[in-house]
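Working notes, structure below.
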Amino acid sequence: MKEISISTYSSPVGKLVIGIFEEKLVFCDWAFRKMRGQIDQRIQTGLGAKFVESRHPLMNELEQQLEAYFSGNLREFQIPMQPVGTQFQMEVWNQLCKIPYGQTQSYLQLSQELGNPDAIRAVAAANGANAISILIPCHRIIGSDGSLVGYAGGLEAKKKLLRLEGASANKNQQQTSLF
């Protein structure tokens with residue numbers, strides 16, 4: 001059976017589990033999230049592989065880029081990724097990657113950009129199923145009223161990531177609601 005190399009990384013906002021499969025990042029996810037078991041199963045089944053604790057060379061590169069991001073010196077990651085999910089989830093995650101550093105969008109805006117403004121709940125579920133946190137920036141999604149809403153790493157981590165990026169609410173929302 002194929003193998004997914006896994007390791008942990010202690011970030012300034014929480015512990016992450018990193019997974020590399022065939023020279024690509026398949027997850028960089030919060031170690032203690034509620035859906036940890038479901039996400040792990042989806043990835044292993046989707047790739048036909050099992051987890052093996054080991055250090056893959058790409059992990060070093062990812063950790064260097066994460067360190068640069070957390071120190072405010074990196075805005076775009078240059079890591080090959082292979083998200084594992086449904087076609088709809090992949091479309092949502094691709095759209096998330098288009099949200100610029102330091103900016104936010106609501107679930108409604110994201111569903112509108114995907115061409116289906118009625119899919120807010122499905123978009124929110126796909127956002128919550130993202131297993132490549134920070135690099136696929138699901139932390140940049142906020143409520144329509146500008147409030148912080150659910151985040152796999154916890155709302156405190158989300159707040160810190162948005163603060164690090166200098167994010168503010170969209171023009172028609174109250175800036176103070178983010179912090």
Side-chain angles (χ1 to χ4, degrees), residues 1-87 89-105 110 126-141 148 150-167:
M1 180 173 250
K2 295 179 181 180
E3 296 180 350
I4 302 165
S5 297
I6 64 167
S7 184
T8 58
Y9 169 74
S10 295
S11 84
V13 295
K15 189 174 183 177
L16 296 164
V17 181
I18 297 169
I20 307 292
F21 178 73
E22 296 182 349
E23 308 302 318
K24 292 183 181 167
L25 179 68
V26 292
F27 65 94
C28 177
D29 203 11
W30 304 101
F32 303 109
R33 73 178 296 176
K34 291 178 185 175
M35 295 174 56
R36 176 82 275 129
Q38 293 169 290
I39 299 281
D40 292 350
Q41 185 62 47
R42 183 186 79 219
I43 291 169
Q44 290 178 90
T45 301
L47 297 173
K50 64 178 182 175
F51 291 158
V52 175
E53 286 196 41
S54 64
R55 288 292 300 178
H56 187 282
L58 188 58
M59 290 175 180
N60 296 330
E61 177 61 29
L62 175 61
E63 289 174 7
Q64 289 173 2
Q65 289 188 32
L66 285 167
E67 291 294 326
Y69 169 81
F70 285 115
S71 67
N73 297 317
L74 181 77
R75 291 176 173 230
E76 290 185 34
F77 291 90
Q78 301 298 317
I79 295 288
M81 297 186 290
Q82 181 181 344
V84 178
T86 66
Q87 182 177 343
Q89 288 171 331
M90 302 287 262
E91 289 171 12
V92 171
W93 301 334
N94 185 54
Q95 197 65 37
L96 285 171
C97 290
K98 295 178 183 177
I99 303 171
Y101 179 98
Q103 293 186 22
T104 59
Q105 281 188 357
L110 190 57
N127 196 55
N130 173 28
I132 305 181
S133 292
I134 303 172
L135 287 81
I136 297 178
C138 53
H139 62 278
R140 295 180 188 153
I141 298 298
L148 294 183
Y151 186 61
L155 290 183
E156 194 57 36
K158 183 173 190 164
K159 187 185 297 185
K160 289 177 181 177
L161 293 170
L162 291 172
R163 193 177 293 149
L164 169 74
E165 293 184 7

Show me the side-chain donor-acceptor pairs of residues 91-102 shorter than 3.5 Å, one per line, residues at least two apart or across chains.
residue	atom	partner	partner atom	Å
E91	OE2	Q87	NE2	3.3
W93	NE1	A126	O	2.8
Q95	NE2	E113	OE1	2.8

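Distance check: F27 CZ to L135 CG gives 13.5 Å after rounding to the nearest 0.5 Å. Taken to the nearest 0.5 Å, the CG atom of L47 stands 5.0 Å off from the CZ atom of F21. Interatomic distance, Q38 CD to I43 CD1, rounded to the nearest 0.5 Å: 12.0 Å. The CH2 atom of W30 lies 4.5 Å from the CG atom of L16; values are rounded to the nearest 0.5 Å. A distance of 5.0 Å separates CG of N130 from CD1 of I136, quoted to the nearest 0.5 Å. Within the model, atoms CD of E22 and CD of Q82 stand 7.0 Å from one another, a figure rounded to the nearest 0.5 Å.
Screening residues 49-58 for side-chain hydrogen bond (donor to acceptor under 3.5 Å, both in side chains) gives S5-S54, S7-R55, E23-H56, R55-N60, R55-E63 as the qualifying pairs, with residues at least two apart or on separate chains. Pairs engaging residues 31-50 under the ring pair (Phe, Tyr, Trp, His ring centres under 6.0 Å) rule: none recorded [sequence neighbours left out].
Taking the six-membered ring where the residue is Trp, Y69 and F77 present tilted rings, their angle falling between 30° and 60°.
Using a 4.5 Å heavy-atom threshold, the side chains of I4 and Q44 count as touching. In this structure, the side chains of L25 and I20 come closer than 4.5 Å at one or more pairs of heavy atoms.
Shown here for L66 and C28, the closest heavy-atom pair between the two residues is CD1-SG, 4.4 Å. Across all their heavy atoms, A131 and I39 have their closest contact at CB-CG2, 3.6 Å.
Judged purely by atom type and a 3.5 angstrom limit, N127 has no side-chain atom pairing as donor or acceptor with the backbone of I141. Listed for the S71 side chain is a donor-acceptor partner under 3.5 Å among the backbone atoms of A68.
For E61, the side chain to side chain donor-acceptor pair (under 3.5 Å) criterion is met by Q65, not counting sequence neighbours. Residues that satisfy the side-chain contact (heavy atoms from CB on, under 4.5 Å) test with E156, not counting sequence neighbours, are K159, K160. With sequence neighbours excluded, the residues forming a salt bridge (Lys or Arg N to Asp or Glu O under 4.0 Å) with R33 are D29, listed by chain and number.
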